[in-house]
2 protein chains.
Amino acid sequence: MRLSSLSDYAVVMMSAAARHCGGVRLNATLLAEETGVPLPTAQKLVSRLSSAGLLESTRGTGGGFRLSRPPAAISLADVIEAVEGPIALTACVEESRHDCAIEGSCRVRPHWTVVNTAVRGALAGVSLAQLSVEPVSQSAPHNAISRAPALAGAQE
Amino acid sequence: MRLSSLSDYAVVMMSAAARHCGGVRLNATLLAEETGVPLPTAQKLVSRLSSAGLLESTRGTGGGFRLSRPPAAISLADVIEAVEGPIALTACVEESRHDCAIEGSCRVRPHWTVVNTAVRGALAGVSLAQLSVEPVSQSAPHNAISRAPALAGAQE
DNA sequence: GCTAATCGGAACAAGATGGTCCGATTAGCT
DNA sequence: AGCTAATCGGACCATCTTGTTCCGATTAGC
């Protein structure tokens, strides 16, 4: 019941990209420095995001990425689905996946579809534009390093 | 964005347990046969569910398990949290986990808490009692084997 | 007091995830 | 026009969580 680290990183990166003006080109290196995401991981993410159609890429010297749509038209669900595929809490709610023997008489399945729709709606209701608003004064620069470096126990 | 197979199995098993009268004792073997969950996995699950307080266990010959609460008082969120811990989409929404460098000025975090609450609410709104109603006539016995044997691609 | 059946937790294997690297492509410069 | 340099794109490998399996501890019944 936790989304992958890549999705978390992707949301942060897209949020950072949305804060820039739509026109400027930014590359993976810049985004990695701003967000603190490791560079190779950032490269992998922008690759997936562009192949999913959320980013438009330009190769060659001076190339980079750009949001393909205005930030208000990109939701958390879009970003998550771009990174880790369709949102499906269980295998049986996913289309074209019918490998459950009791699917015909399963009483749990219809409820899963309802819950899944609710979850997806909660994610689709938040856009990148909403993530760009700054609740506090921009005192602290956000180019912090080691953002959530590990899901492992870094308690002590 | 998919819950673990163990949680899926646990929901099916708890749903099966809820269909029995509250008084009867059932053991892991019986539940495994009814639901198609592999027996060792079923044992592991009932162990976690009982340690979480959802099942009451009785050891020794003739022992077994029993729901500790009426089915209407057990929700999907209870079962999932019993199996895989607190529901937290990201590490930063979990209590006592503050290993994010930009947590103080992060604009994404407050939105994550909102989304997380919505997701948890969707799961808490479905009780085992609701899962027990039978939408179709009980034509097909549900002691089917190999319920979702793999999350791997079993397409062809 | 012994036996048998059950729960409980520890140990192992597998798949998925996350991180790293190198090659293909393209714009800019000489 | 050719070359160089910078960037994207995809393939490879280590790591971790997940899922499975097994064996020991406990307890009711005989």
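Only this structure's heavy atoms are used, side chains among them; waters, hydrogens and symmetry mates stay out.
Separating the CG atom of A/L30 from the C1' atom of D/dC8 is a distance of 16 Å, rounded to the nearest angstrom. For the pair B/E56 CD and C/dG8 P, the computed distance is 12 Å after rounding to whole Å. Computed from coordinates, the A/L49 CG to D/dG10 P distance equals 13 Å when rounded to whole Å. Look at CG on A/D8: it is 10 Å from P on C/dG18, rounded to the nearest Å. Distance A/L39 CG to D/dG9 C1': 14 Å, rounded to the nearest Å. Taking atom CG of B/N27 as the reference point, atom P of C/dA4 lies 18 Å away to the nearest angstrom. For the pair B/K44 NZ and C/dT6 P, the computed distance is 20 Å after rounding to whole Å. Atom pair B/L45:CG and D/dT20:C1' shows a separation of 11 Å (rounding to whole Å applied).
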Notebook entry, point to check: Given the rule in the side-chain contact (heavy atoms from CB on, under 4.5 Å) test, do B/R48 and B/L6 qualify, once you have shown the distances and angles that lead to the verdict?
Noted result: CA-CA 11 Å; B/R48 289 198 194 179; B/L6 288 181; 4.3 Å; yes

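A salt bridge is absent between A/E84 and B/R2: the closest approach of a Lys/Arg side-chain nitrogen to an acidic carboxylate oxygen does not fall below 4.0 angstrom.
Across every strand in view, C/dT20 sits in a pair with D/dA11 that passes the Watson-Crick or G-U test at under 3.5 angstrom. For D/dG29, the paired base is C/dC2 (Watson-Crick or G-U wobble, both distances below 3.5 Å).
Looking at A/D8 and A/S5, their side chains never bring a donor and an acceptor atom within 3.5 Å of each other. Side-chain contact check for A/T113 and A/N116: no donor-acceptor pair (N or O, by modelled atom type) lies under 3.5 Å.
Checking C/dG19, C/dG8, D/dG19 against every side-chain atom of B/S5, the shortest atom distance belongs to D/dG19. Taking the side chain of A/T61 as heavy atoms from C-beta on, and the options D/dG9, C/dG8, C/dA27, the nearest nucleotide is C/dA27. Among D/dT20, C/dG28, C/dG19, the nucleotide with an atom closest to any side-chain atom of A/L6 is C/dG19. Taking the side chain of B/A28 as heavy atoms from C-beta on, and the options D/dA28, C/dC7, C/dT20, the nearest nucleotide is C/dC7. Each of C/dG8, C/dC21, C/dT17 was ranked by its minimum atom distance to the side chain of A/S4; first place goes to C/dT17. The side chain of A/S47 lies closest to D/dG10 when the candidates are D/dG10, D/dT21, C/dG8.
Of the residues near DNA chain C, B/P40 and A/P38, the one whose nearest nucleotide (by heavy atom distance) lies more toward the 5' end is B/P40. Taking for each of B/E84 and B/Q43 the nucleotide of DNA chain D with the nearest heavy atom, the 5'-most of the two is the partner of B/E84.
Residue contacts for B/S50: at a heavy-atom cut-off of 4.0 Å it reaches the sugar-phosphate backbone alone, with no base atom in range. Contact annotation for A/T41: base contact, defined as any heavy-atom pair under 4.0 Å involving a base atom.
Annotation for B/L67 and B/M14: closest pair CD2-CE, 3.7 Å, computed over non-hydrogen atoms.
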